[in-house]
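So that the names make sense, note that chain A is the first sequence line, chain B the second, and so on, each numbered from 1.
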Number of protein chains: 2
Amino acid sequence: MAVVTAPLAKDMFDPLCPSDLNPIRVGDKWAGMIVRCLELGPARFSQLRVPLTGITAKVLTKSLRALERDGLIRRAAGEYSLTPLGRSLLGPLDAACAWTREHWDELLDAREGLYPH
Amino acid sequence: MAVVTAPLAKDMFDPLCPSDLNPIRVGDKWAGMIVRCLELGPARFSQLRVPLTGITAKVLTKSLRALERDGLIRRAAGEYSLTPLGRSLLGPLDAACAWTREHWDELLDAREGLYPH
DNA sequence: CGGGATCCGGTCTGATACTG
DNA sequence: CAGTATCAGACCGGATCCCG
């Protein structure tokens, strides 16, 4: 796969999205988004910080280390990329995202009243 | 679906299984297992405690409340059961379980050395 | 039986400062 | 640039006791 040199979009993820509603998660809070970012190609630390709005260096470091420890990503020459194992995770991750998109309104309805207006 | 009167098995889940290795999760630590239990039919509080080895009443209560709040389970007449939304979650949950089974040895290898012997 | 109240130790988080 | 160190506060699951 070719290296993507285009910068990752700032609005790749909606920081206002109440993603805590999603009952399906991959790793910690950020792991799923990190995998999504790396799906497009290797990226550097500071590149990853752009779409992951509001993440601190410490937390990003911790998430990256956890993913590395679990064999899902690899670090080489200052760039992070998915391992084959990490890439294989994209399948179930897509399934989870599809489910969430499909049932998003039901999830919101279930919590209706908890988020007035 | 008929009500399952047979008790849930004590060894439905392996308490020694290092399930923290699984990068895909549904809700909190227990939510996935609870959904699995209810897949077989409605169950009561004390029935659920049997396969969920070691769970305390407080934690089970909290998990059940969270699942109820999110519209995945419903409580009626002292029995918990899956809602249609909760049942629809079984698809992606199966996909996640399949991925984990398929890559379990790779996950263990990745952490090799962290668990000596 | 089905929880609620309380306490506690560990973890996670954010902010800030510092470094190779 | 790519982190590490540190500290304070929030949050977490687990244990224990209690209650209708």
Review point. In the 5'-to-3' direction, what one-character label does each nucleotide of nucleotides 10-20 of chain C receive under the scheme B = base within less than 4.0 Å of a protein heavy atom, S = sugar-phosphate only, - = no such atom?
Key: ---BBB-----

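Taking 4.0 angstrom as the limit, A:Arg44 places a side-chain polar atom (N or O) nearer than this to OP1 or OP2 of D:dA2. Within the structure, a side-chain polar atom (N or O) of A:Tyr80 is placed less than 4.0 Å from OP1 or OP2 of D:dG3. Phosphate proximity of C:dG2 to B:Arg65: absent, as no side-chain N or O sits under 4.0 Å from OP1 or OP2.
Closest contact between the side chain of B:Ser46 and the listed nucleotides C:dC1, C:dG3, D:dG3 involves C:dC1.
Evaluation of the side chain to side chain donor-acceptor pair (under 3.5 Å) rule for A:Ser46 yields no partner, not counting sequence neighbours. Residues satisfying the ring pair (Phe, Tyr, Trp, His ring centres under 6.0 Å) criterion with A:Trp99, sequence neighbours excluded, are A:His103. Residues forming a side chain to side chain contact (heavy atoms under 4.5 Å, CB included) with B:Glu68 (at least two apart in sequence, or on another chain): B:Arg65, B:Ile73, B:Arg75.
Using a 4.5 Å heavy-atom cutoff, the side chains of A:Leu72 and A:Val35 are not in contact.
Once rounded to the nearest 0.5 Å, the distance linking CE of A:Met12 with OG1 of A:Thr53 reads 11.0 Å.
Atom CG of A:Leu60 and atom C1' of D:dG3 are 10 Å apart (whole Å). Rounded to whole Å, the distance from CD1 on B:Ile55 to P on D:dG13 is 10 Å. If you take CD of B:Glu79 and C1' of C:dG2, they are 14 Å apart, rounded to a whole angstrom.
Among residue pairs with one or both ends in residues 48-57 of chain A, none qualify as salt bridge (Lys or Arg N to Asp or Glu O under 4.0 Å); sequence neighbours excluded.
When the local axes at the two ends of the helix from C:dC1-D:dG20 to C:dG20-D:dC1 are compared, using 5 base pairs at each end, they differ in direction by 40° after rounding to 10°.
Here A:Arg49 lies out of heavy-atom contact (under 4.0 Å) with every strand.
Side chain of A:Thr83 to main chain of A:Gly71: a donor-acceptor pair is present (N/O by atom type, distance under 3.5 Å, no hydrogens or angles).
Taking a cutoff of 4.0 Å between a charged side-chain nitrogen and a carboxylate oxygen, A:Arg25 and B:Asp28 do not qualify as a salt bridge.
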